[in-house]
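Reviewing the structure listed below.
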Protein chains: 2
Amino acid sequence: MRLFARHGFAAVSMRQIATEVGVQAGALYNYTPDKQSLLFDLMREHMDALLDAWQQEDPGGTDARARLEAFTRFHIRFNTRRADAVFVSYMELRNLTGENFAAVTELRRIYETRLEEILRAGQDAGVFTLAEPRITAMAVIALLTGVNTWYRDAGRLKLDEVETLYWDMVRRLVGG
Amino acid sequence: MRLFARHGFAAVSMRQIATEVGVQAGALYNYTPDKQSLLFDLMREHMDALLDAWQQEDPGGTDARARLEAFTRFHIRFNTRRADAVFVSYMELRNLTGENFAAVTELRRIYETRLEEILRAGQDAGVFTLAEPRITAMAVIALLTGVNTWYRDAGRLKLDEVETLYWDMVRRLVGG
DNA sequence: TGGATAACTGAACGGGCGTTCAGATAAAAG
DNA sequence: CTTTTATCTGAACGCCCGTTCAGTTATCCA
């Protein structure tokens, strides 16, 4: 994943990957049928981990504001700790074959829907004001994922502080 | 640019590019010293065009709200019409050599600063409420660029409507 | 300990890569 | 029309690619 994130899928050879893990290229084929499957497995595992982790952290219940705050903090925390996987899962979609692409895209759609449902619930409860729940969901995800472009562990702001800043923005964005 | 966006820089060969424009691979070297320079030139031209276009559209003046709305609408319009260039300019940064990377990154920084200055002006004028102008600028840009992931010309919403939806979100985001 | 199974090596395969360049061709200039 | 200049072709260079596989080495189980 690190190699793919750093150089791009097409630019990384099976020989480089093999060197990284201390074997010859041929040995990799005991673990993956081909290079494309290796990429797909990495991406699917990342998306599965994302969905599972959110299922663990979602407080559920009827307090849409609390759930949205939890989502905001969760997304930032999860994605900054797996920057390589996030980058690859977004950028190398084009290197997947038709059905592999569809599978990963579907998992992404499900994740977006998790957020969308929180927004709809909040809207129904009268705590959020928003015109288009689906679009707002994608807007919020784009906003939050953007943290990855600048956040560094050694930077001025602790992750906690970043989460709070972004929660402020998200809260206002949804009219809550 | 289309080929790079669709398949990735490393996955596109000089022979493919040559075929696309109707010559043999060798002829390309009358126009670029090497493949890397070709990528760099495309990216730098895109960033230059972005900065120039905003300079044309920036209403200037002291009305920070009007300038921010203009920025929001401009960014969405410009980026959706050049989706390939936006994608490549973000994603293929890693394929640039040190100094080429620095040059493109600097142009991006300048663009972010244009927005940051609008936010600071609005903050000083008391029309915006935000804790971190720089971070808010990057958050807004990430939010707006996210339109590219889902917007299609043939979709349900006209670009005008999308601009209005996002301007609503941005306005609330900055406490305006 | 011995036999089976899993893991790995090292070489090979056909093929595509970026780039170069002598020679052919087209366009421009005088 | 002739000469000069700009473009382009087509072949070649050395190199690296993903993948396969016979043979070797390590691990596991009875």
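Chain naming here is simple, since letters A, B, ... match the order of the sequence lines and numbering starts at 1 in each.
A donor-acceptor pair under 3.5 Å links the side-chain atoms of A:Asn148 to the main chain of A:Asn79, judged by distance alone. With hydrogens and angles disregarded, a donor-acceptor distance shorter than 3.5 Å links the side chain of B:Arg94 to the backbone of A:Ala5.
Rounded to the nearest 0.5 angstrom, B:Arg65 CZ and B:Phe128 CZ are separated by 7.5 Å. Atoms OG and CD, on A:Ser89 and A:Glu45 in that order, are 10.5 Å from each other to the nearest 0.5 Å.
Evaluation of atom-type donor-acceptor distances gives a pair under 3.5 Å for the side chain of B:Arg15 against the base of C:dG18.
Between B:Leu28 atom CG and C:dC21 atom C1' there is a gap of 15 Å when expressed in whole angstrom units. The nearest whole Å value for the distance from the NZ atom in B:Lys35 to the C1' atom in C:dT19 is 12 Å. At whole-Å resolution of the value, CD in B:Gln16 and P in C:dC17 are 6 Å apart. Atom pair A:Tyr31:OH and D:dT19:P shows a separation of 17 Å (rounding to whole Å applied).
Heavy atoms of other residues, nucleotides or ligands lying less than 6.0 angstrom from CZ of B:Arg134 number more than 12.
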Between N or O atoms, less than 3.5 Å apart, protein on one side and nucleotides 21-27 of chain D on the other: list the pairs.
none

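When each of B:Asn30 and A:Gln36 is assigned the nucleotide of DNA chain D with its nearest heavy atom, B:Asn30 is the one assigned upstream, toward the 5' end.
Close to D:dC17, at under 4.0 Å from its OP1 or OP2, lies a side-chain N or O of A:Ser13. Listed pair A:Tyr29 / C:dA7 fails the phosphate criterion, with no side-chain N or O lying under 4.0 Å from OP1 or OP2.
No side-chain donor from either of A:Thr62 and A:Arg67 sits under 3.5 Å from a side-chain acceptor of the other.
Considering A:Leu143, A:Thr149, A:Ile141, A:Val147 as possible partners of A:Thr145, the one that fulfils the side chain to side chain contact (heavy atoms under 4.5 Å, CB included) test is A:Ile141. Under the ring-ring contact (aromatic ring centres under 6.0 Å, His included) test applied with B:His75, the options B:Trp54, B:Tyr111, B:Tyr166 reduce to a single match, B:Tyr111.
Between A:Glu163 and A:Thr72 the shortest side-chain heavy-atom distance does not fall below 4.5 Å.
Using cut-offs of 30° and 60° for the angle between ring planes, the B:Phe78 and B:Phe74 rings count as tilted.
Near DNA chain C, meaning a heavy atom under 4.0 Å from it, residues 95-103 of chain B has no residue at all. Looking at residues 17-24 of chain B, you'll see that no heavy atom sits under 4.0 Å from any atom of DNA chain C.
Using a 4.5 Å cut-off between side-chain heavy atoms of Ile, Leu, Val, Met, Phe, Trp and Tyr, with links allowed through other members, A:Leu50 and A:Tyr90 fall into different hydrophobic clusters.
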